[in-house]
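Before any comments, here is the structure.
Predicted model only: the values in this text are computed from it and were never measured. A note on names: the letters A, B, ... follow the listed sequences, proteins ahead of strands, and every chain is numbered from 1.
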Amino acid sequence: MKERLAGLLENSIKTCSDKGLFETGEIPSIELEMTKNAAHGDYASNVAMILASSARENPRKIAEAIVANITDTENILDKMEVAGPGFINFFIGKDVWSALLEEVDELCDRYGESDFGKGKRVQVEFVSANPTGPLHIGHARGAVIGDVIANILESTGYSVFREYYINDAGRQMDILGKSVFLRYLEILGKEVDFPMECYQGKYINDLAEELFEECGDEYLAKDEEDAILVFTDYAVESILSGIKEDLNAFGVVFDCYFSEKELYKDDGVTELLAELQKKEFVYEEGEALWFKTTDFGDEKDRVVVRENGEPTYFAADIAYHRDKYSRGFDKVIDIWGADHHGYIPRMYAGIHALGKEKDALEIILVQLVSLLRSGKPVSMSTRGGEFVTLREVVDEVGRDAARYNFLMRRSDSPLDFDLELAKRKSNENPVYYVQYAHARISSIMRLAHSRGYEIPGFGDIDLGLLTLPEEIALIKEVTRFSEVVEGSARELEPHRLTFYLNDLASIFHSYYNKNRVISDDSELSMARLFLVKSVRIVLKNALRLLGVSAPERM
RNA sequence: GGGCGAUUAGCUCAGUUGGAUAGAGCGCUGGCCUCCGGAGCCAGAGGCCCUGGGUUCGAGUCCCAGAUCGCCUACCA
């Protein structure tokens, strides 16, 4: 609908310009919005006011000229008005709205999809938590946001690849192996001094226990360093498979888990350093190798190879992104915890050095989650190994409620997650409100069926019967869906969908309470059944994008 | 000290690229099933959009300064 009106406006502006009614430099991109106020019609455009400044002409006069030169070829307009300082208001014919439902019926499960992304290849990297312990609640938000962004991009015509970067190299891994090894020694009755820097969680003891059961005291006699290597590998593999299981239970599935260790093995880091050197982006100072990130807007230069000859994590990260691009992705999206925001400039410096444009990388920051129980904070300390895991949250509140709750705020806004609230099956919990609308429509369908109605298709109904203001409002909301999906794809903002779902469910519940769908009038019943069926399709499609189920009964 | 982000109803937050009378949920007050699912609906109260300047036809939105809060500020990962 929006595109159609934009087309009409554009043609009219061209006509006006040809007739010399006013000067147009560049024709601005046509801006249209759905109005908040019914008196302003269905859509409004401010294009005349935009043109006014360059044309040095009264905006109302321009608006009049544009309106006069619009040729409504498809006959979709009831009327047009010039209002206020120069808005052009469009009033769409009622039957035009209901005709839009044909597309919903036809496309059904695919309604809302588009080719907005034109097949561009996008990689979304998210979660990427170090395999040093199970995922906790903080990781869960990033997991859902990444997953849903990927879903949205997929449905808007991008080719999407989901990837998890495993930091399985470096000092942390040594500490992990050492932690398990020390606990293992404890099991064997040795007195050990367990340092603060080691991982304190109980899962470390469990891993040590498993190794003991399997190998007994075999590693007691072996060289400690060799033993730790074995323990590290065992721990990483075990923890990682736990992470994968937890993500799976949360509905998050990756196309690839990318290992940092492999990156080194395949000389990715070496090659990167060679490239930086060749392009002269690096210099030596104090035995270390520095990358001139300040050339690209960073506040200070960064070390890529330490004095001891080891590349930094940052070097590996650029090498990783280099690898991503070499795999042919047009665009790379990284989803990071907000505490990493200081890394953004240097990451952009990295991709600039690789010869990539700024828009080849998009970084989404996800703010921290505060876990609450009945309004009171749940204390968490990762160091002390005391935290609520993702698994525990999913087990306690359920996957649907957990996912939905993480999507109710913009990513960069902090979020309170209340376990009791998320569990509650009441109107305080928005996920049920939306799912309830779906279940309710399903229930209506069952009743209709039992009364002998076939569920109608677009061709089976008389559109002229859907004329109540609530019905038009419902149709408008339903047909807005694809614009919402496209908007959230463009801005990478999944929360738009939860807000949209809430609006749609609200309009539906209101309609339901005021009007009967199934009545004595079978023609009217058919028309309304078709309408609510359309609502159900959109609810279901939107929930699917969020990875939340659309139950038929609750 | 420097950098980044935030500040909108009692609380938690939306607010598309600058548009007409600033929204939602919760909470609060009062109503609504003889009837398709009351996990629902309707109505009401509640606002110096942090402050002060600026930009323009027009600012919650953009720019500058200040206040308050949060985060970042390692040859860590």
Side-chain angles (χ1 to χ4, degrees), chain A residues 28-29 31 33-37 39-40 44-46 49-50 52-53 58-60 83-87 89 130 132 167 169-173 175 260 285-290 298-300 302-308 310-314 316-317 337-345 365 367-368 375 408-410 412-416 418 421 424-433 435-437 439-448 450-451 483-484 487-488 490-491 493 495-496 498-499 502-503 505-506 508-519 525 528-529 532 553-554:
Chain A
S29 67
E31 295 178 10
E33 60 174 19
M34 290 184 109
T35 55
K36 294 166 199 154
N37 187 334
H40 300 145
S45 174
N46 62 351
M49 290 181 284
I50 306 264
S53 56
N58 181 334
R60 285 196 64 110
F87 289 103
N89 294 334
N130 300 333
T132 54
N167 286 125
R171 217 169 76 87
Q172 289 182 112
M173 291 301 104
I175 295 174
E260 183 185 0
E285 191 182 293
E287 309 268 316
L289 194 65
W290 296 72
D298 198 5
E299 50 182 302
K300 57 173 283 199
R302 308 290 171 178
V303 171
V304 282
V305 179
R306 295 196 288 250
E307 234 172 59
N308 64 10
E310 279 188 34
T312 58
Y313 176 87
F314 176 46
D317 221 359
D339 51 339
H340 288 71
H341 76 257
Y343 290 75
I344 293 177
L365 291 182
Q367 279 290 349
L368 302 181
M408 291 187 340
R409 303 267 177 276
R410 343 169 14 114
D412 57 1
S413 168
L415 173 76
D416 289 337
D418 194 308
L421 203 64
R424 212 170 295 167
K425 300 190 177 187
S426 76
N427 51 0
E428 291 165 85
N429 192 350
V431 63
Y432 289 101
Y433 183 76
Q435 287 182 317
Y436 184 62
R440 194 175 232 179
I441 295 171
S442 301
S443 168
I444 296 170
M445 295 299 185
R446 286 193 294 271
L447 182 78
S450 75
R451 297 214 180 148
E483 284 169 33
V484 174
S488 47
R490 191 181 56 241
E491 304 296 329
E493 290 182 344
H495 75 278
R496 293 185 184 207
T498 51
F499 281 89
N502 212 64
D503 288 345
S506 165
F508 164 72
H509 285 308
S510 170
Y511 173 67
Y512 170 88
N513 270 273
K514 206 165 160 189
N515 304 285
R516 291 193 60 80
V517 174
I518 302 169
S519 63
S525 299
R528 289 181 171 177
L529 275 171
V532 298
R553 297 172 202 269
M554 295 173 67

>> Within the 4.0 Å heavy-atom criterion, would you say A:Ala44 contacts the bases, only the backbone, or no part of the nucleic acid?
In response: base
> What is the distance from CG of A:Asp412 to C1' of B:A14, rounded to the nearest Å?
Replying inline: 12 Å
>> Rounded at 0.5 Å granularity, tell me how far CD in A:Gln435 sits from CZ in A:Arg553.
In response: 15.5 Å
>> Can you identify which nucleotide, out of B:C41, B:C75, B:C36, has its nearest atom closest to the A:Val303 side chain?
In response: B:C75
> With a 4.5 Å heavy-atom cut-off, do A:Leu415 and A:Gln367 have their side chains touching?
Replying inline: no
> When we call it a touch if two heavy atoms are under 4.0 Å apart, what does A:Gly86 touch: a base, just sugar-phosphate, or nothing?
Replying inline: nothing
> When rounded to the nearest Å, what value does the distance between C1' atoms of B:C75 and B:U12 take?
Replying inline: 43 Å
> Do A:Met173 and A:Asn167 come within less than 4.5 Å of each other through their side chains, counting heavy atoms only?
Replying inline: no
>> Would you measure the distance from the P atom in B:U68 across to the matching atom in B:C76 and give it in whole Å?
In response: 35 Å
>> Between P on B:C76 and CD1 on A:Ile175, what's the gap in Å once rounded to a whole number?
In response: 12 Å
> Would A:Tyr343 and A:His340 count as a close aromatic pair, with their ring centres under 6.0 Å?
Replying inline: yes
> When rounded to the nearest Å, what value does the distance between C1' atoms of B:G23 and B:U16 take?
Replying inline: 14 Å
>> Need one value for A:Asp298: base, sugar-phosphate or nothing, where a base atom within 4.0 Å counts as base even if backbone is also close, heavy atoms only.
In response: nothing
>> So if I take every side-chain heavy atom of A:Ser443 and compare against B:C13, B:C36, B:G19, which nucleotide ends up nearest?
In response: B:C36
> Using a cut-off of less than 4.0 Å, is there contact between a side-chain N or O of A:His495 and OP1 or OP2 of B:G25?
Replying inline: no
> Would A:Phe87 pass as stacked on B:A20, i.e. its ring centre under 5.5 Å from the base's six-membered ring centre and planes under 30° apart?
Replying inline: yes
> Which nucleotide sits closest to the side chain of A:Glu299: B:G3, B:G37, B:C76?
Replying inline: B:G3
>> Once rounded to the nearest 0.5 Å, what's the spacing between atom CD of A:Glu483 and atom CZ of A:Arg496?
In response: 11.5 Å
>> Among B:U12, B:A39, B:A74, which nucleotide has an atom closest to any side-chain atom of A:Lys300?
In response: B:A74
> Can you tell me how far C1' in B:A67 sits from the matching atom in B:C48, rounded to whole Å?
Replying inline: 16 Å
> Got A:Arg424 and A:Asp418 here, is their nearest side-chain heavy-atom distance under 4.5 Å?
Replying inline: no
> Taking the side chain of A:Asn502 as heavy atoms from C-beta outward, which of B:G25, B:C36, B:C13 is closest to it?
Replying inline: B:G25
>> Please report the distance, rounded to the nearest Å, between CZ in A:Arg490 and C1' in B:U17.
In response: 9 Å
> Rounded to the nearest 0.5 Å, how far apart are OH of A:Tyr511 and CZ of A:Arg516?
Replying inline: 11.5 Å
> Is the phosphate of B:C41, meaning OP1 or OP2, less than 4.0 Å from a side-chain N or O of A:Tyr433?
Replying inline: yes
>> What contact category does A:Ala39 fall into here, base, sugar-phosphate, or nothing, at under 4.0 angstrom with non-hydrogen atoms?
In response: nothing
> Reckon A:Tyr511 has a side-chain N or O less than 4.0 Å from the OP1 or OP2 of B:G40?
Replying inline: no
>> Given B:U16, B:C36, B:C76, identify the nucleotide with an atom nearest to the side chain of A:Ile444.
In response: B:C36
> Ignoring hydrogens and angles, are the base of B:G40 and the side chain of A:Asn513 linked by a donor-acceptor pair under 3.5 Å?
Replying inline: yes
>> Side chains of A:Phe499 and A:Met408, heavy atoms from C-beta outward: is any pair under 4.5 Å?
In response: no
>> Taking only the P atom of each, what is the distance from B:G53 to B:U17 in whole angstrom?
In response: 28 Å
>> With a 4.0 Å limit, can you tell me whether A:Ser510 has a side-chain N or O closer than that to the phosphate oxygens OP1/OP2 of B:C42?
In response: yes
> Checking all strands, does A:Ser413 fall into the base, sugar-phosphate, or nothing category for heavy-atom contacts under 4.0 angstrom?
Replying inline: sugar-phosphate
What nitrogen or oxygen pairs link the protein and nucleotides 67-71 of chain B at under 3.5 Å?
none

> Counting only Watson-Crick or G-U wobble pairs whose two distances fall under 3.5 Å, which nucleotide matches B:U17?
Replying inline: none
> Which residues satisfy the side-chain contact (heavy atoms from CB on, under 4.5 Å) test with A:Asp339, sequence neighbours excluded?
Replying inline: none
> To the nearest Å, how far apart are A:Asp418 CG and B:G27 C1'?
Replying inline: 15 Å
> If we take the P atom in both B:A24 and B:G44, what is their distance in whole Å?
Replying inline: 11 Å
> Between B:C75, B:C13, B:G19, which one does the side chain of A:Trp290 approach most closely?
Replying inline: B:C75
>> For A:Arg516 and A:Glu310, find the nucleotide of RNA chain B closest to each by heavy atoms; which residue's nucleotide sits nearer the 5' end?
In response: A:Arg516
> Would you say A:Arg302 reaches B:A74's phosphate, i.e. side-chain N/O to OP1/OP2 under 4.0 Å?
Replying inline: no
> Which part of the nucleic acid does A:Asn89 contact within heavy-atom distance under 4.0 Å: base, sugar-phosphate only, or nothing?
Replying inline: base
>> Taking the minimum atom-to-atom distance to the side chain of A:Met49, which one of B:G15, B:C41, B:C57 wins?
In response: B:C57
> Is any side-chain nitrogen or oxygen of A:Arg410 closer than 4.0 Å to OP1 or OP2 of B:A6?
Replying inline: no
>> Using atom C1' in both nucleotides, what's the gap between B:C13 and B:U56 to the nearest angstrom?
In response: 31 Å
>> Looking at the base of B:A14, is there any donor atom on it, or on the side chain of A:Asp503, that sits under 3.5 Å from an acceptor on the other one?
In response: no
>> Does A:Arg553 reach a base, just sugar-phosphate, or nothing at all? Heavy atoms under 4.0 Å.
In response: base
> Base, sugar-phosphate, or nothing: which does A:Pro345 touch, judged by heavy atoms less than 4.0 Å apart?
Replying inline: nothing
> Under 4.0 angstrom, heavy atoms only, what part of the nucleic acid is A:Lys514 near: base, sugar-phosphate, or nothing?
Replying inline: nothing
> Which one, B:G15, B:G38, B:G25, comes nearest to the side chain of A:Glu493?
Replying inline: B:G15
> Roughly how many Å is it from OH in A:Tyr512 to C1' in B:C42, rounded to a whole number?
Replying inline: 16 Å
> Which part of the nucleic acid, if any, lies within contact of A:Leu447, taking any heavy atom under 4.0 Å across all strands shown: a base, the sugar-phosphate backbone alone, or nothing?
Replying inline: sugar-phosphate
> Across the strands shown, which category fits A:Ala83 at heavy-atom distances under 4.0 angstrom: base, sugar-phosphate, nothing?
Replying inline: base
>> Taking B:G70 as the reference, what is the distance to B:C50 when you measure between their C1' atoms (whole Å, please)?
In response: 16 Å
>> Nearest 0.5 angstrom please: A:Phe87 CZ to A:His40 NE2, how far?
In response: 8.0 Å
> Nearest to the side chain of A:Met554 - B:A39, B:C13, B:C57?
Replying inline: B:A39
> A:Glu491 or A:Leu415: which one's nearest nucleotide on RNA chain B is closer to the 5' end?
Replying inline: A:Leu415
>> Please classify the nucleic acid contact of A:His40 as base, sugar-phosphate, or nothing, using heavy-atom distances under 4.0 Å.
In response: base
>> With heavy-atom distances below 4.5 Å as the criterion, would you say the side chains of A:Thr312 and A:Val305 are in contact?
In response: no
>> So, taking the atom named OH in A:Tyr436 and the one named NE2 in A:His509, what distance separates them when rounded to the nearest 0.5 Å?
In response: 7.0 Å
